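Everything on this sheet refers to the single structure shown next.
Remember, it's a predicted structure, so these values are computed and weren't measured experimentally. Just so you know, these numbers use all the heavy atoms, side chains as well, and skip hydrogens, waters and symmetry mates. Just so you know, ligand 1 is whichever comes first in the structure, and atom 1 is the first atom listed for that ligand.
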Amino acid sequence: MSRHHKAAIAGSGLAALATAARLHEQGVKDIAIYAGGLGGTPYIAAINFVLPDNPYGDTPEQYAADMLAAGYNIGNKELVTEMANATVRGYELLCRWGVAFARNDDNTIKLRHVSGHKYPRSLCQTTDLIGAEIEKVMIPRLKEAGVEFHDKCQVVELLTGDGKIEGFAVSENGGEPYNVYAPVVVAAWGGVGNLLGTSTYPDDVRGNTLGMAKRAGADLIDLEFIEFEPMVMMTPPGTVGEPCPTAMLGEGGTLLNSDGERFLLKVRPQGEAGAPKSLINHEIWKEVAAGKGNPHGGIWVDLRHIDEKVLKAYPWFYNRLMNNGCDPKKELLEVGPMPHSFSGGIRVDRNYESNVPGLYAVGEACGGIHGACRCAGNAASQATLSGLLCAEGILRTGKLDREISERPVNVKRDDAAREKFLPELQKIAARALGVFRSGPDLEKAISATQGILDDPAAAKDDFTVQTALSINLIARAALNRKESRGTHNRLDFPDASPEFEKEFTF
Ligand SMILES: Cc1cc2nc3c(=O)[nH]c(=O)nc-3n(C[C@H](O)[C@H](O)[C@H](O)COP(=O)(O)OP(=O)(O)OC[C@H]3O[C@@H](n4cnc5c(N)ncnc54)[C@H](O)[C@@H]3O)c2cc1C
């Protein structure tokens with residue numbers, strides 16, 4: 001079996017849906033989505049857009065400035081500016097495809113203040129997670145519009161010929177792979193968090209895709225910047241892994257150490273609201289290192305003084321806590337940082353095309369936009385806006401009409417290799433690529449993963465090789481960045497962070 005499409009999209013998260021929606025609006029027919037699940041999208045609580053009638057005098061320019069500052073000034077200025085300038089169009093795209101956002105009593109759009117932003121600009125739903133709403137309304141509409149959805153499909157290898165993309169190989173329901181041919185392939189396969197074992201990521205985002213892109217010849221960028229969510233629930237069981245929204249700090253929540261001290265005020269006297277995630281992470285890690293952490297390696301967040309109605313407006317969070325015997329009105333919550341998203345990925349130009357002609361990347365699959373850390377809620381905004389801009393870039397670059405000839409399927413699978421190497425790879429990644437990194441640990445990780453890459457037993461299985469390559473590449477990027485910046489902390493190099501954190505004056 002084989003299939004042919006004009007545009008084949010790997011993934012069905014927000015970035016994929018936005019790309020497909022905008023392609024359809026521009027008249028493209030024969031768009032197909034192949035995906036293993038829904039990725040991180042159903043968990044999105046916050047998504048930022050700067051709307052023209054906002055009450056704060058907020059502008060796309062301020063939004064871009066916040067992004068660059070939160071990224072420790074190494075984000076891509078051109079892509080950040082284009083993203084910020086497209087903010088209203090991204091909002092309108094989602095509205096056209098049926099997404100509704102929560103409103104205040106006076107019918108204005110409800111805006112929350114999340115981490116890293118000067119002004120409240122985060123849109124949401126108060127009855128369900130906005131990401132779940134997006135999937136719920138957009139998928140049926142895209143199907144109605146003729147976009148094909150192929151569920152439970154893993155893209156297992158990219159196909160190239162003469163250095164250009166030609167499609168990908170897919171395994172449906174774990175079955176024998178077949179080839180899908182397309183002159184335009186959009187990587188919308190999300191990030192890499194699960195490479196490190198424990199993370200907030202769902203299981204269908206596995207991180208081998210980074211190695212897959214590299215094997216197809218794609219340039220990658222900023223791989224050292226794995227984002228840690230600062231306030232993930234650490235106890236009681238049943239709540240573990242649930243992020244306490246950073247918007248709670250905008251609602252009046254405070255962070256406490258074991259002395260009951262609001263430690264963030266030492267570096268941010270203006271308060272916790274809007275503090276960038278990397279700053280919160282750093283300060284939490286400092287408190288833990290000073291012996292002022294909680295028994296699980298984090299700190300406490302205090303929401304007890306927040307009105308119950310406000311807490312209930314985050315129902316996924318509030319209900320999960322209450323259902324597990326944890327009442328945020330009555331007790332302090334034990335929270336701490338956990339791998340959560342990725343700011344590295346496939347390097348793209350302003351059309352969101354990689355250096356491999358016809359291979360585009362959107363959402364968390366593309367890198368180099370946010371720099372060393374991203375503002376909260378911006379993964380979702382970027383997923384939307386990169387999808388929109390990519391779809392327009394695809395039309396601009398005129399790559400949709402190339403004929404592609406078929407070839408035999410060439411995919412290697414060996415379950416014994418997976419069983420042998422994958423647990424080892426996860427341990428290597430967790431040890432070397434966690435919160436604190438050091439040159440010697442990274443060198444060991446590079447050499448151990450290289451050993452696996454050179455092992456003929458591992459070479460029998462593409463997934464194992466892709467996974468080993470992903471970890472190897474991230475470790476190399478982390479070794480090359482000889483400083484601590486944003487989400488990347490090198491124990492053996494001075495902390496560049498305080499210098500950059502001075503910029504967060506709002
Ligand atoms: C618990 C949690 C809460 C979050 N909250 C927020 C938030 O409030 N605001 C925010 O901005 N961001 C948030 N994020 C991050 C956000 O979810 C992601 O950055 C966002 O979903 C990225 O969108 P995407 O479409 O690029 O990738 P995803 O939504 O992750 O989708 C990836 C897609 O690719 C598919 N896929 C992966 N590998 C393959 C493969 N080999 N073959 C085929 N398909 C594949 C997956 O099944 C999925 O369909 C959160 C993440 C988590 C885990």
Just to confirm my output: which protein heavy-atom neighbour is closest to [atom], and how far is it?
atom                    : value
atom 6 (C) of ligand 1  : Ile44 CA, 3.8 Å
atom 12 (N) of ligand 1 : Ala379 CB, 3.5 Å
atom 49 (O) of ligand 1 : Gly37 O, 2.6 Å
atom 19 (O) of ligand 1 : Glu364 OE1, 2.5 Å

So, 4.0 Å and heavy atoms of [X]: is ligand 1 close enough to count as a contact?
X      : result
Arg206 : no
Ser341 : no
Thr200 : yes

With backbone taken as N, CA, C and O and side chain as the heavy atoms from C-beta onward, which portion of Ser381 lies under 4.0 Å from ligand 1: side chain, backbone, both, or neither?
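Near ligand 1, Ser381 shows nothing, with every heavy atom at 4.0 Å or more.
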Quick one: does ligand 1 sit under 4.0 Å from the side chain of Val156, the backbone, both or neither, non-hydrogen atoms only?
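Neither part.
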Nearest-option assignment for [atom], heavy atoms, candidates [options]:
atom                    : options                : answer
atom 44 (N) of ligand 1 : Pro245, Ser386, Gly36  : Gly36
atom 39 (C) of ligand 1 : Gln154, Met212, Lys152 : Gln154
atom 51 (C) of ligand 1 : His340, Gln466, Arg374 : His340

Between Arg418 and Asp461, is there a side-chain N and carboxylate O pair less than 4.0 Å apart?
yes
Before accepting this row, confirm whether a basic side-chain N of the pair Glu92/Arg89 lies closer than 4.0 Å to the acidic partner's carboxylate O.
no
Is there a nitrogen or oxygen of [X] sitting under 3.5 Å from a nitrogen or oxygen of ligand 1?
X      : value
Asp204 : yes
Ser12  : yes
Thr41  : yes

Which atoms from ligand 1 have a heavy atom of Ala188 less than 4.0 Å away?
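By the 4.0 Å cutoff, the relevant atoms are 32 (C), 33 (C), 34 (O).
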By number and element, which atoms of ligand 1 are closer than 4.0 Å to a non-hydrogen atom of Gly363?
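The atoms of ligand 1 under 4.0 Å from a heavy atom of Gly363 are 26 (O).
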Kindly determine whether Tyr34 and His5 satisfy ring-ring contact (aromatic ring centres under 6.0 Å, His included), including the steps that lead there.
CA-CA 11 Å; Tyr34 290 80; His5 304 287; 5.7 Å; yes
Flag if over 12 foreign heavy atoms under 6.0 Å of OH, Tyr181
yes
For Asp349, I'd like to know if atom CG has over 12 heavy atoms of other residues, nucleotides or ligands within 6.0 Å.
yes
Partner set under salt bridge (charged side-chain N to carboxylate O under 4.0 Å, His left out) for Arg215, not counting sequence neighbours:
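With sequence neighbours excluded, Arg215 shows a salt bridge (charged side-chain N to carboxylate O under 4.0 Å, His left out) to Glu157, Asp462, given in chain and number order.
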Candidates Leu425, Ile474, Leu433 - the one meeting side chain to side chain contact (heavy atoms under 4.5 Å, CB included) with Leu195:
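Output: one option passes, namely Ile474.
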